[in-house]
Undergrad: 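Handing you this structure, nothing more for now.
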Amino acid sequence: MSQPKKTNETMEKIVSLCKRRGFIFQSSEIYGGINSCYDYGPLGAELKRQVKDFWWKSMTQAHENIEGLDASILMHPRIWEASGHVEGFTDPLVDCKKCKNRFRADQLEETTCPNCGGELTEPRQFNLMFKTFMGPVESDANIVYLRPETAQGIYVNYLNVLNSSRQKVPFGIAQIGKAFRNEITPGNFTFRTREFEQMEMQYFVRPGEDEPAMEAWKAERMAWYDKLQINPSKLRFHEHGKNELAHYAKAAFDVEYEFPIGWQELEGVHNRTDFDLTRHEKFSGKNLKYFDEEKKEKYIPYIIETSAGCDRSVLCVLCDAFTEEEERTVLKFAPFIAPVQVAILPLVKKDGLPEIARNIVADLRSKFRMFYDAGGSIGRRYRRQDEVGTPFCITIDNDTKGDNAVTIRERDSMKQDRVNIGELSDYLTKRLAPPL
RNA sequence: GCGGGAGUAGCUCAGUGGUAGAGCGUCACGUUGCCAACGUGAGGGUCGAGGGUUCAAAUCCCUUCUCCCGCUCCA
């Protein structure tokens, strides 16, 4: 059992590095912090943006039949009745003070714990959803919820998207956005937080074509993590057993990653069947059926959902990149998502080298994420860049003035390459291109 | 929500009633000049927050917040 201790040490090192280098901070820190909330610093915000951007392009740009959407966080409260979120989470719950088991008060016949006979707490309402009020009056009639999942925004817009985009089933809708769940137990850094960002794609298919679609999306989603250069031996599928299936799901597979804290879910690929649209049809009274011109039939499409945790993806990227070598700590990000892609380092702060370096930065900054650093020894500067995951460092030395060439040092191998300044842009473009 | 542990400089931590410290990092100047380790100097902390005891509190007491571990929970 020495494993957990060791892995927690790794996690602590990552948390510490994230703060030290400006990836992730505790939220509201100067006020003592607030539970389970985190802020992305300069490098973290850039990294997260890159992950989201890659996901977005992998969906919308790479697929003719996937459209984007950005729905509002506040939605009609009836949506959450239709989705089952209100119903499932208004149950009064009691805890056993002795054995700590939790029960639904309305399903208990006895007044003591059915497990051990211990004393029970007063019934309490547990609702996963954050509540607030729409408008200035705080009355029950004005209650609205912060969405506990982004998916419903897609479902209630499915006909709008279909009609305005001239898509035909099968087609998908992709969305990135915040969701909020009042988790009982958040924790493990940014892994489980009450405010989090989802990257969801809901794929609408003809009933009966859901199973092949499910298989195709499972493969495609796993391939996406490969493109992010996540260690394949730390990725796997976990299939939900019948007892683990959510109320809407016919089949569910999670993509899991082996974090330092153990195997944990990154993304769910679920067959949600026609459950959600059927419910919305019933609750809204609107006809949500699709008319298939080819087959001349009406049906409610089945939905294959790929629902990824954005913050979890970022944490996965950080954990997977984190490498401790004998003499250095390196974040081995896939170059195309690295927050800083190219560091420009004049070997010395004189002889006109800083000016040459500044000119190169000016030339390349519209194409790559650049960082200029002239402070400290060259070795120290390499180590600093290693620790923030910069894939390429370019040094300008006294020979540069003669041969118009610079040294490019590669992060992972630490090997150096001499490249003409005129060829830098092509050289870097080739190595920093996203694998779309 | 329950039980345990912990919060002191950006990071890692020492300091158990008597003037708030170290190493690393950061910044400036000098030196070196291709893989952190040189010299000099500087900045940085109301010791998580609030209250109490005391002549005196980082240190003792109470409350609270945050983080970690375990349980519980996890649409």
Side-chain angles (χ1 to χ4, degrees), chain A residues 1 4-5 7-9 11-13 15-22 25-38 41 80 83-89 93-103 115 121-122 124 126-129 148-149 151-152 179 181-189 191-192 194 240 244-249 252 261 264-265 268 270 272 275-276 305 307 325-330 345-351 353 374-387 393-399 406-411 413-416 418:
Chain A
M1 292 301 283
K5 188 158 185 270
T7 53
N8 291 333
E9 278 169 16
M11 201 62 205
E12 277 164 27
K13 281 177 186 167
V15 171
S16 166
L17 187 150
C18 280
K19 178 167 189 199
R20 200 169 65 244
R21 294 301 190 187
F25 310 122
Q26 164 98 92
S27 169
S28 316
E29 198 184 15
I30 63 169
Y31 286 97
I34 182 165
N35 186 271
S36 105
C37 296
Y38 293 91
W80 307 113
S83 70
H85 285 82
V86 172
E87 184 187 346
F89 281 91
L93 298 175
V94 292
D95 292 317
C96 172
K97 290 179 179 175
K98 197 171 162 193
C99 71
K100 310 300 180 194
N101 274 310
R102 179 168 289 160
F103 308 95
N115 185 43
T121 61
E122 288 298 305
R124 286 171 295 193
F126 275 88
N127 197 310
L128 200 70
M129 289 194 290
E149 63 176 24
Q152 299 300 328
R181 288 181 199 170
N182 228 333
E183 297 282 358
I184 296 163
T185 311
N188 286 321
F189 200 36
F191 182 81
R192 180 174 283 110
R194 295 192 171 109
H240 286 218
E244 298 174 278
L245 283 177
H247 63 275
Y248 54 71
I261 52 173
Q264 300 282 353
E265 176 186 355
H270 296 179
R272 292 184 71 136
F275 176 88
D276 297 278
E305 161 186 84
S307 174
E325 296 178 358
E326 244 175 70
E327 301 205 335
R328 60 175 194 157
T329 300
V330 198
L345 318 171
L347 194 56
V348 292
K349 240 187 282 189
K350 57 185 179 186
D351 303 331
L353 300 189
S377 75
I378 188 64
R380 177 189 296 263
R381 281 180 277 164
Y382 283 149
R383 294 298 200 263
R384 280 202 282 247
Q385 294 308 313
D386 285 342
E387 219 181 21
C393 289
I394 295 180
T395 50
I396 288 81
D397 56 33
N398 272 300
D399 295 339
V406 295
T407 304
I408 298 186
R409 178 259 197 188
E410 203 272 325
R411 178 192 66 202
S413 65
M414 296 193 282
K415 282 186 183 147
Q416 303 195 339
R418 193 79 180 166

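By convention in this document, chain letters (A, B, ...) are assigned in the order of the sequence lines, proteins followed by strands, and residues within each chain are numbered from 1.
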Undergrad: Counting Watson-Crick and G-U wobble pairs only, both distances under 3.5 Å, name the nucleotide matched with B/A28, or none.
TA: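 Pairing partner, where one exists within any strand: B/U40.
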Undergrad: Determine the Euclidean distance between corresponding P atoms of B/U12 and B/U26; express it in Å to zero decimal places.
TA: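 B/U26 and B/U12 have their P atoms separated by 16 Å.
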Undergrad: On RNA chain B, check which nucleotide each of A/Gly187 and A/Glu183 is closest to and give me the residue with the more 5' one.
TA: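 Its nearest nucleotide lies further toward 5', so the answer is A/Gly187.
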Undergrad: Any side-chain to backbone donor/acceptor pair from A/Asp397 onto A/Asp399? Under 3.5 Å, distance only.
TA: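 Judged by distance alone, yes, a pair lies under 3.5 Å.
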Undergrad: Please state whether the base of B/C74 and the side chain of A/Arg181 form at least one donor-acceptor pair under 3.5 Å?
TA: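 Result: no qualifying N/O pair found.
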Undergrad: I'd like to know if the side chain of A/Arg380 reaches the main chain of A/Gly375, judged simply by a donor and an acceptor atom lying under 3.5 Å from each other, with no hydrogens or angles considered.
TA: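 Absent.
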Undergrad: For the C1' atoms, the ones on B/U31 and on B/U19, what distance do you get once it is rounded to whole angstrom?
TA: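 That atom pair is separated by 37 Å.
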Undergrad: Can a donor-acceptor pair under 3.5 Å be found between the side-chain atoms of A/Asn188 and the base atoms of B/C68?
TA: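 Between B/C68 and A/Asn188, which were checked side chain against base, a qualifying N/O pair under 3.5 Å is absent.
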Undergrad: Sort out the partner of B/G23 for me: Watson-Crick or G-U wobble, both distances under 3.5 Å, none otherwise.
TA: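 Pairing partner: B/C11.
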Undergrad: For the CD1 atom of A/Ile34 and the CZ atom of A/Arg194, what is their distance to the nearest 0.5 Å?
TA: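 CZ of A/Arg194 is found 9.0 Å from CD1 of A/Ile34.
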Undergrad: So, taking the atom named CD in A/Gln264 and the one named CZ in A/Arg192, what distance separates them when rounded to the nearest 0.5 Å?
TA: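 Result: 7.0 Å between the selected atoms.
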Undergrad: To the nearest angstrom, how far is A/Asn398 atom CG from B/C34 atom C1'?
TA: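 These atoms are roughly 13 Å apart.
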Undergrad: What integer distance in Å separates A/Ile30:CD1 from B/G45:C1'?
TA: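 Distance, rounded to whole Å: 15 Å.
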Undergrad: Roughly how far apart, to the nearest Å, are B/C60 and B/G1 at atom P?
TA: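 It comes out at 27 Å once rounded to the nearest Å.
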Undergrad: Which one, B/C34, B/A75, B/C27, comes nearest to the side chain of A/Arg384?
TA: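 The answer is B/C27.
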Undergrad: If I pick the C1' atom on B/A20 and the same atom on B/A37, what distance separates them, to the nearest angstrom?
TA: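 28 Å, rounded to whole Å.
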Undergrad: What integer number of Å spans the C1' atoms of B/A14 and B/A22?
TA: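 Nearest-Å result for B/A14 against B/A22 at atom C1': 7 Å.
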Undergrad: Would you say the side-chain atoms of A/Arg181 pair up with the backbone N or O of A/Pro148, donor to acceptor, closer than 3.5 Å?
TA: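 Checked: pair present.
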Undergrad: Determine which nucleotide pairs with B/A6, using a 3.5 Å limit on both distances of a Watson-Crick or G-U wobble pair.
TA: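 The answer is B/U66, by the H-bond criterion.
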Undergrad: Quick one: A/Phe191 CZ to B/C69 P, roughly how many Å, whole number?
TA: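 Distance, rounded to whole Å: 13 Å.
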Undergrad: For residues A/Val406 and A/Thr395, report the shortest heavy-atom separation together with the two atoms involved.
TA: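 Closest approach of A/Val406 to A/Thr395, heavy atoms only: CB-O, 3.5 Å.
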Undergrad: How many whole angstroms separate atom CG of A/Leu353 from atom P of B/U32?
TA: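 Rounded to the whole Å, the gap is 14 Å.
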Undergrad: Summarise protein proximity over nucleotides 35-41 of chain B in one line of letters, 5' to 3': B for base, S for sugar-phosphate only, - for none, counting protein heavy atoms closer than 4.0 Å.
TA: BBS----
Undergrad: Please report the distance separating the P of B/C11 from the corresponding atom of B/G3, rounded so that it comes out in whole Å.
TA: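 My reading of the P atoms in B/C11 and B/G3 gives 30 Å.
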Undergrad: Show the distances under 3.5 angstrom between N or O atoms of the protein and N or O atoms of nucleotides 64-66 of chain B.
TA:
| from | atom 1 | to | atom 2 | distance (Å) |
| --- | --- | --- | --- | --- |
| B/U66 | OP1 | A/Asn35 | N | 3.1 |
| B/U66 | O4' | A/Gly32 | O | 3.1 |
| B/U66 | O3' | A/Gln26 | OE1 | 3.3 |
| B/U66 | O2' | A/Gln26 | OE1 | 2.8 |

Undergrad: With P as the reference atom in both, quote the distance from B/G39 to B/C24 in angstrom, rounded to an integer.
TA: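 To the nearest whole Å, 10 Å.
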Undergrad: To the nearest 0.5 Å, tell me how far A/Met11 CE sits from A/Phe191 CZ.
TA: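 Nearest 0.5 Å value for the CE-CZ distance: 9.5 Å.
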Undergrad: Counting only Watson-Crick or G-U wobble pairs whose two distances fall under 3.5 Å, which nucleotide matches B/C74?
TA: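 Here B/C74 is not engaged in any pair, so there is no nucleotide opposite it.
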Undergrad: Drop me the distance from A/Asp276's CG to A/Glu149's CD, to the nearest 0.5 angstrom.
TA: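 One gets 7.0 Å once the value is rounded to the nearest 0.5 Å.
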Undergrad: How close do A/Phe25 and A/Lys19 get, counting heavy atoms only, and between which atoms?
TA: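 Between these two residues, the closest heavy atoms are CE2-O, 3.5 Å.
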Undergrad: What is the separation between atom NZ on A/Lys13 and atom P on B/G10, rounded to the nearest whole Å?
TA: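 Taking atom P of B/G10 as the reference, NZ of A/Lys13 is at 22 Å.
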Undergrad: Only pairs with both distances under 3.5 Å count, Watson-Crick or wobble alike; so what is the partner of B/C55 in this structure?
TA: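 Per the H-bond distance test, B/G18.
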Undergrad: With 3.5 Å as the limit, what N/O pairs link the protein to nucleotides 11-13 of chain B?
TA:
| from | atom 1 | to | atom 2 | distance (Å) |
| --- | --- | --- | --- | --- |
| B/C11 | OP1 | A/Lys19 | NZ | 2.5 |
| B/C11 | O3' | A/Ser16 | OG | 3.2 |
| B/C11 | O2' | A/Ser16 | OG | 3.3 |

Undergrad: For the pair made of CG in A/Asn182 and C1' in B/G1, what is the distance, rounded to whole Å?
TA: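 That distance rounds to 13 Å.
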Undergrad: Between A/Gln26 and A/Cys37, what is the shortest heavy-atom contact and its length?
TA: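 Looking at all heavy atoms of both residues, the closest pair is NE2-O, 3.2 Å.
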Undergrad: Nearest nucleotide by nearest heavy atom, which residue falls closer to the 5' end of RNA chain B, A/Pro186 or A/Arg21?
TA: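 That would be A/Arg21.
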Undergrad: Show the nearest heavy-atom pair for residues A/Gln416 and A/Tyr382, with the distance to one decimal.
TA: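 Residues A/Gln416 and A/Tyr382, closest heavy atoms: NE2-OH, 3.6 Å.
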Undergrad: Have a look at A/Thr407 and say if it touches a base, only the backbone sugar-phosphate, or nothing, with a 4.0 Å heavy-atom cut-off.
TA: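 Since a base atom lies under 4.0 Å of A/Thr407, the category is base.
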Undergrad: I'd like the C1' distance from B/A57 over to B/C47, given in whole Å.
TA: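 About 11 Å, rounded to a whole number of Å.
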Undergrad: Drop me the distance from A/Cys393's SG to A/Arg384's CZ, to the nearest 0.5 angstrom.
TA: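 So the SG of A/Cys393 and the CZ of A/Arg384 are separated by 11.0 Å.
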Undergrad: Could you tell me whether A/Phe189 contacts a base, only the sugar-phosphate backbone, or nothing, with contacts defined as non-hydrogen atoms closer than 4.0 Å?
TA: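 Result for A/Phe189 = sugar-phosphate.
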Undergrad: Please classify the nucleic acid contact of A/Gly376 as base, sugar-phosphate, or nothing, using heavy-atom distances under 4.0 Å.
TA: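 Contact class for A/Gly376: base.
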Undergrad: Send over the distance from A/Asp351 CG to B/U32 C1', rounded to a whole Å.
TA: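 A/Asp351 atom CG is separated from B/U32 atom C1' by 13 Å.
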Undergrad: Taking all atoms of both residues into account, what is the closest heavy-atom pair of A/Phe189 and A/Tyr38, and its distance?
TA: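 Reported closest heavy-atom pair: O-CE1, 3.4 Å.
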Undergrad: State the pairing partner of B/C34; accept Watson-Crick or G-U wobble contacts with both distances under 3.5 Å, and report none otherwise.
TA: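 Per the H-bond distance test, none.
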Undergrad: Which atoms form the tightest heavy-atom contact between A/Val330 and A/Arg328, and what is the distance?
TA: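 It is CG2-NE, 3.3 Å.
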